[in-house]
Amino acid sequence: MAYSADLVTSKLAALNDSQEGITSVSQWILFHRRNAAQSVEIWFDSLLKASSSRKLSLIYVANDVVQQSRAKKRTEFVEAFSPVIVRAIENAYRHGNTDVHSRLRRVIQVWRQRQVFPESVIAAVEAKTQVQASGSSGSSNPTKATLLNKRAESSSNSVAQPAPQGLEELVSAQKTLLGAFTASATAYEAVTGAYDEVTKFQNNINNDPTQALRLFQLKEALSQASTSIDQAVSARKHVITRIERLLQLNKAALQKDEERRKELEDKFSRVDDIVMSINAPTEQSARSTTPDVPPPAVEELTPPPVREYEVLDSAYAGAVLSGPDSTGDLDGMTGHVPTLVVDDLEEYVP
């Protein structure tokens, strides 16, 4: 049956907790070992979404896969599971009951005894379960338990959080390559020196049993060196594959980052336009808000008009002077000269 991501998802979704069901799924995954990394990704995603009991069954699948793979001297699944197995165990342990905790600790103990995973991975797994166990034991004090869980989660995120999966896979592949390259380089140097030494006497091989024995030993050494080189070549190809995968992951992440940046730029531009429209003066707001005030009165330079004059002497029978515009006849004024008062304040004598 052809491999596909949907098929892996469906098989994991249909997984039951029986030994036959777990073995059936693990054997199918092992058969498609060329897709180990993708299968593990789907497995991890399924575990995070699964119920507590199914989380344990998925851990059993991973256990069967890595142990079967290790027995066959293959490293694909160990390398694929190593970056995520710590978080997987922590998740299953956190959501499990006492029985699940006991079963998970037994699996971890087997891994340590058989050295299924590297020492650093097993130590991280054990540390996670110990932190979770400490939180559970303090559950009698809810506040304290919550604080412990928060501290453990914070510590996990800031210190013990594994590197991104693509990078972790690359680091693991590079370590494998380093070991394979060192072994192949040593074998190559040794067999090359032996080859030069033995072939110098090839004309005397028929007459010298010792040289013939050395020739057979050289043949065996060449075969072993060739196998070592094959392993180095395979490891290097695996590193290249991981680099290409990491590159793809970063390209996808870069595209998402650029989309988010564009989204934020658009939002910023929109908010900036709103702010500018609020601050921009309108025709109404540009007018003065000062209430209308009449201009101050300016004192006139001309004297005020003269008010009516009051005649104090009743003997005067002529016309009354009522102001500058008065046209009273003064020609008939004879005898007594009247005395006039302006505004009852000053005497006026013509």
Measuring only between side-chain heavy atoms, which start at C-beta, is R70 closer than 4.5 Å to F77?
no
R105 and E126 ion-paired at < 4.0 Å:
no
Hey, are the side chains of L47 and I59 touching, using non-hydrogen atoms and a 4.5 Å cut-off?
yes
What I want to check is whether the side chains of S24 and E20 have a donor and an acceptor closer together than 3.5 Å.
no
Compare all side-chain heavy atoms of K251 with those of L254 and state whether any distance is below 4.5 angstrom.
no
Any ion pair linking D257 and R261 (charged N to carboxylate O, less than 4.0 Å)?
no
Is any side-chain heavy atom of V116 closer than 4.5 Å to one of V110?
no
Contact check, side chains of L56 and R103, non-hydrogen atoms, under 4.5 Å
yes
Lys/Arg N to Asp/Glu carboxylate O, R112 vs E119, below 4.0 Å:
yes
Quick one, F81 and V121 - any side-chain contact, counting heavy atoms below 4.5 Å?
no
Between D45 and K49, does at least one N-O distance fall below 4.0 Å, as a salt bridge requires?
yes
Check: E79/H238 side-chain N/O donor and acceptor closer than 3.5 Å
yes
Polar side-chain atom of K55 near backbone of A50 as donor-acceptor pair, under 3.5 Å
yes
Can you classify the ring geometry of H101 versus Y93 as parallel (below 30°), tilted (30 to 60°) or perpendicular (above 60°)?
parallel
Let me see the working for Y188 and S228 under side-chain contact (heavy atoms from CB on, under 4.5 Å), right down to the final yes or no.
CA-CA 9 Å; Y188 175 81; S228 180; over 6 Å; no
Kindly determine whether F44 and R87 satisfy side-chain contact (heavy atoms from CB on, under 4.5 Å), including the steps that lead there.
CA-CA 9 Å; F44 183 60; R87 285 176 288 173; 3.9 Å; yes
side-chain contact (heavy atoms from CB on, under 4.5 Å) between L30 and S69, worked out:
CA-CA 7 Å; L30 281 167; S69 178; 4.1 Å; yes
Evaluation steps, side-chain contact (heavy atoms from CB on, under 4.5 Å), between V100 and S52
CA-CA 8 Å; V100 172; S52 176; 4.3 Å; yes
Answer whether the closest heavy-atom distance between the side chains of I85 and W111 falls below 4.5 Å.
yes
Does a salt bridge link K262 with E258, judged by any charged N lying under 4.0 Å from a carboxylate O?
no
State, yes or no, whether a side-chain contact exists between W43 and V8 at a heavy-atom distance under 4.5 Å.
no
Taking atom CG of D273 and atom CD1 of I278, what is their separation to the nearest 0.5 Å?
11.0 Å
Rounded to the nearest 0.5 Å, what separation is found between the CG atom of L58 and the CG atom of L48?
10.0 Å
Check: T227 side chain, S223 main-chain N or O, donor-acceptor pair, under 3.5 Å:
yes
Say whether, by atom type as modelled, one donor and one acceptor occur between the side chain of S4 and the main chain of L7 under 3.5 angstrom.
yes
Side-chain (S39) to main-chain (N35) donor-acceptor, under 3.5 angstrom:
yes
Measure from the side-chain N and O atoms of S26 to the backbone N and O of I22, and report whether any donor-acceptor pair falls under 3.5 Å.
yes
